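Keep in mind the model is a prediction, meaning the values are calculated, not measured. Residues: numbered from 1 along the sequence shown.
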Amino acid sequence: MTPGDLAYTTPDRLLRDFASRGLVALAPETLGIPGEIHEAIYEKEREAFNAGRYITASLIPEILDVIGSPGVVAACDALVGRNWAIVPFTHNTPFPSGSRDQHWHKDDNGPYNLRKHRHHQAIQIEMLYYPQAVNDDNGPTAVIPYSQYWTFNHEENHDNFAGADHLDFGYQVGGMERLPVSGPNSTYDVEDVVNRRTAHDIRMRDAVANTGWPLVVPFEASPLKAGSVVLYSHNLFHRGNHRRDDWRTWKGTPRFMWRFWLYRTTDPDGEAPEEVDWRALGIDDMTRVDLTQAPDDATVLWRHHHHWLHTGRPPRRSAGRHRNPNGLAAELYATGEAAETNRIGAAYKLASSGDDSALRLLGEALVDERESVRRAATYGLVALGSEAADAFLDATESAVKWVRKAGVYGLGDVAPLTAQVLDAVADRLANDPSVYVRSVAANALGCLGRRAVASGIGQDLVPQCVNALVESLGREGNRLGMNIAQDRSIKFVRPTDECDVCEGIGINYGTERFKRVRSAVRENALTSMVVLCSHGAALLGEELKPTVAALADVVRTDENVFSVGLALDSLNRLANIGKGPVTGIRATLLGLLEAMPIHSWEPLVRSGLDPSVVREFSQAEIERP
């Protein structure tokens with residue numbers, strides 16, 4: 001590292017820094033691939049960008065070398081487990097930096113704006129790759145470290161309905177996002193732009209300060225060397241940032257960033273780590289945040305998730321760690337957005353206290369009418385582990401859909417896969433009137449199966465999980481993307497009688513084969529298919545043949561490009577990972593790929609597709625107008 005470079009992350013600190021800061025960075029020389037690759041990607045990308053080409057891995061196959069590099073694979077294996085997956089057809093394309101600022105937001109963890117529940121565990125992460133150097137004036141990505149565990153209500157808060165939680169939705173409503181901060185059309189003085197004195201800069205800083213959350217300050221991920229990779233929690237607040245250098249140089253020196261959404265298919269299974277004295281870490285070397293000021297409401301979460309990243313289990317409880325359970329229970333009901341940290345912290349403290357009343361107190365809060373209280377209680381019960389299963393089972397039978405949603409989510413995160421748990425989740429998937437609850441139930445089945453494989457408890461029930469997902473695909477249909485159906489920005493869409501959750505922006509990528517349609521339940525069901533198929537064809541038993549047939553039917557007939565991409569990845573994983581009869585699956589897969597007008601190669605190569613297949617298909621895709 002040269003003076004002035006960002007403090008890159010070393011392997012021995014990867015999990016610790018991710019659990020606390022939510023953000024880590026890999027130096028290009030640690031990736032294990034030749035440095036010339038980054039220059040080749042950049043030059044190809046610049047030429048294609050200036051020519052107005054749609055940039056994909058077919059056009060720049062070297063990006064697959066970055067994704068598969070030893071350094072990236074090792075880091076992502078540690079953070080999201082072996083055989084991690086990439087969401088297809090989404091943000092796997094480069095983002096150039098320019099004159100405007102995004103608002104602070106959290107990305108969703110599914111394809112384009114699909115509202116899903118947010119796991120505190122490292123279930124999803126984002127990977128950013130920069131083929132060129134990133135300096136403080138050419139649009140470094142802005143993030144808010146230490147913000148990943150805090151958020152706002154969204155269930156009946158339309159500002160956050162469409163998946164991306166916002167710090168300052170007024171920035172969007174008031175039109176500031178449309179105004180250029182820099183460049184030829186900016187109204188700001190150049191010196192104010194360079195020195196971060198514009199109204200936009202002030203608005204961004206104030207939005208962070210106004211949260212009242214501990215440790216959070218804006219941070220720009222720079223300077224970065226060409227070829228750097230940044231990994232961060234999908235729950236971390238962040239935004240796209242404007243350039244501050246001479247706009248007349250932008251065309252010749254574009255700043256690109258590739259973004260990939262990654263998600264877990266296997267659970268951690270390592271040894272328990274040594275306890276960390278978080279405050280003794282002092283000044284964080286990357287962000288310069290003073291960790292001696294970290295409150296218990298933060299460190300209790302860091303301890304839990306650092307342990308979970310290693311083991312997949314909660315840390316050991318201690319009756320003396322957090323006393324006065326009734327006082328902690330009172331904090332669950334604190335009011336106001338600034339009290340989010342107090343509510344969540346109190347929930348984790350109860351879970352780690354070892355007090356016999358913790359389960360009862362958190363269970364009572366789970367059914368409270370306030371979303372912020374239910375959210376804290378949900379995470380606290382998840383932190384308790386499998387002993388919270390009965391509380392979540394009871395919640396799945398509530399007359400309140402938001403409580404049912406919390407119930408199926410919690411079962412997915414911590415319950416052992418038993419016949420009773422499977423029946424409860426499968427029933428919500430089949431019969432719940434709420435699209436939101438059904439989509440969470442579909443996701444929970446993948447989580448349950450993933451954990452069953454890791455623990456060995458309920459592994460024989462995984463084929464029944466798969467069967468429930470296949471049956472769901474036969475029931476659930478697509479709907480026109482909400483942004484199109486309602487003729488408004490995806491950020492302003494609203495629930496309808498047909499659908500009480502955002503199903504995302506409709507995209508067809510310019511092909512007649514796909515329509516601008518979405519389905520939250522189908523996409524969640526197919527994401528769970530990817531997870532379960534990652535453990536090999538043999539795991540599916542007698543459900544293998546009908547599952548392959550159902551997935552192939554999705555690829556041939558579904559008009560939703562995201563569902564098709566997930567089904568292809570599921571088939572590819574059956575063909576290439578684990579044990580089982582795979583010859584016929586491979587032949588089916590290749591035939592389906594041949595019929596596809598466009599491809600999302602990154603997920604498929606990640607899950608074992610031979611790169612030679614990519615070369616075989618790519619030329620035709622490159623030549624397509």
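Arg118 contributes atom CZ, which lies 11.0 Å from atom OH of Tyr409 (distance to the nearest 0.5 angstrom). Rounding to the nearest 0.5 Å gives a distance of 4.5 Å between CG of Leu566 and OG1 of Thr527. A distance of 9.0 Å separates CG of Asp553 from CG of Leu473, quoted to the nearest 0.5 Å. In this structure, the separation between CG on Leu480 and CZ on Arg516 is 8.0 Å, given to the nearest 0.5 Å. Atom CD1 of Ile125 sits about 5.0 Å away from atom CG of Leu79, to the nearest 0.5 Å. Atom CD of Glu503 sits about 11.5 Å away from atom CG of Asn483, to the nearest 0.5 Å.
A distance-only check finds no donor-acceptor pair linking the side chain of Asn524 to the backbone of Val440 [under 3.5 Å]. A donor-acceptor distance shorter than 3.5 angstrom exists from the side chain of Trp308 to the backbone of Gly312, with no hydrogens or angles considered. Remark: the backbone N or O of Glu476 is paired with a side-chain donor or acceptor of Arg522 at under 3.5 angstrom. No side-chain donor-acceptor contact under 3.5 Å links Arg255 to the backbone of Gln132. Checked by atom type and distance alone, the side chain of Ser528 pairs as donor or acceptor with a backbone atom of Asn443 at under 3.5 Å. Side-chain atoms of Tyr42 come within 3.5 Å of backbone atoms of Pro254 as a donor-acceptor pair (strictly under, hydrogens ignored). The closest donor-acceptor contact from the side chain of Ser607 to the backbone of Asn576 lies at 3.5 Å or more, if one exists at all. For the pair Gln102 (side chain) and Arg239 (backbone), a donor-acceptor distance under 3.5 Å is absent. In this structure, the side chain of His119 does not engage the main chain of His117 through any donor-acceptor pair within 3.5 Å. At distances below 3.5 Å, at least one donor-acceptor pair connects side-chain atoms of Arg518 with backbone N or O atoms of Pro111.
Heavy-atom contacts from other residues, nucleotides or ligands closer than 6.0 Å to CZ of Arg82 number 12 or fewer. No more than 12 heavy-atom neighbours from other residues, nucleotides or ligands sit within 6.0 angstrom of CG on Asp487.
Leu539 and Val453 make their closest contact through CD2-CG2, 3.8 Å (heavy atoms, listed as atom of the first residue, atom of the second, distance). Listed here is the closest heavy atom pair of Ala468 and Leu445: CB-CD1, 3.9 Å. Residues Glu543 and Asn467 approach most closely at OE1-ND2, 3.4 Å, considering heavy atoms.
In summary, the side chains of Asn560 and Glu523 do present a donor paired with an acceptor at a separation below 3.5 Å, with no hydrogens or angles considered. With 3.5 Å as the limit, one finds no donor-acceptor pair spanning the side chains of Thr266 and Asn83. Residues Thr151 and Asp165 bring a donor and an acceptor atom of their side chains to less than 3.5 Å of each other. Glu126 and Tyr232 share a donor-acceptor pair across their side chains, judged by distance under 3.5 Å alone. Side chain to side chain, His120 and Asp413 fail the donor-acceptor criterion of an N or O pair below 3.5 Å.
A 4.5 Å side-chain heavy-atom check between Arg438 and Asp432 finds at least one atom pair inside the cut-off. Side-chain contact check for Arg488 versus Arg494: some heavy-atom pair is nearer than 4.5 Å. Within the 4.5 Å cutoff, the side chain of Ile41 has no heavy atoms near those of the Asp65 side chain. In this structure the side chain of Phe562 never reaches within 4.5 angstrom of the side chain of Leu526, judged on heavy atoms. By the 4.5 Å heavy-atom criterion applied to side chains, Asn572 and Leu568 are not counted as neighbours. Within the 4.5 Å cutoff, side-chain heavy atoms of Leu417 are placed close to those of Cys465. Between Thr253 and Asn138, every side-chain heavy-atom pair lies at or beyond the 4.5 Å cut-off. Annotation: side chain of Asn160 is in contact with side chain of Arg115 (closest heavy-atom distance under 4.5 Å).
Ion pairing of Asp267 with Arg451 is absent here, as no side-chain N (NZ or NE/NH1/NH2) approaches a carboxylate O to less than 4.0 Å. Between Asp610 and Arg586 there is no salt bridge, since none of the side-chain N atoms of the basic residue sits less than 4.0 Å from a carboxylate O of the acidic one. At a threshold of 4.0 Å, the pair Arg479-Glu498 does not count as salt-bridged, since none of the basic side-chain nitrogens sits closer than that to a carboxylate oxygen. Under 4.0 Å is where a charged nitrogen must lie from a carboxylate oxygen, and between Asp558 and Lys515 no such pair does.
The aromatic rings of Phe89 and Tyr509 sit tilted relative to each other, their planes meeting at an angle between 30° and 60°. By the 30° and 60° cut-offs, the orientation of the rings of Phe260 relative to Trp258 is parallel. Classified by interplanar angle (parallel below 30°, tilted 30° to 60°, perpendicular above 60°), the ring pair His103/His105 is perpendicular.
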Given His38 and Leu31, is the side-chain contact (heavy atoms from CB on, under 4.5 Å) satisfied, shown in steps? CA-CA 11 Å; His38 311 303; Leu31 302 188; 4.0 Å; yes
Let's go through Ile598 and Thr56 carefully: what are the C-alpha distance in whole Å and the side-chain angles of both, what is the deciding distance for side-chain contact (heavy atoms from CB on, under 4.5 Å) to 0.1 Å, and is it a yes or a no? CA-CA 10 Å; Ile598 57 174; Thr56 67; over 6 Å; no
If you apply the rule side-chain contact (heavy atoms from CB on, under 4.5 Å), what do you find for Arg53 with Ile60, and how did you get there? CA-CA 11 Å; Arg53 299 292 304 273; Ile60 308 178; over 6 Å; no
Do Val564 and Arg513 pass the side-chain contact (heavy atoms from CB on, under 4.5 Å) test, and can you show the C-alpha distance, the side-chain angles, and the key distance before you say yes or no? CA-CA 11 Å; Val564 170; Arg513 166 69 177 78; 4.0 Å; yes
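The distance between the ring centers of Phe18 and His305 does not fall below 6.0 angstrom.
Contacts of Glu39 classified as side-chain contact (heavy atoms from CB on, under 4.5 Å), with partners at least two apart in sequence or in another chain: Glu43.
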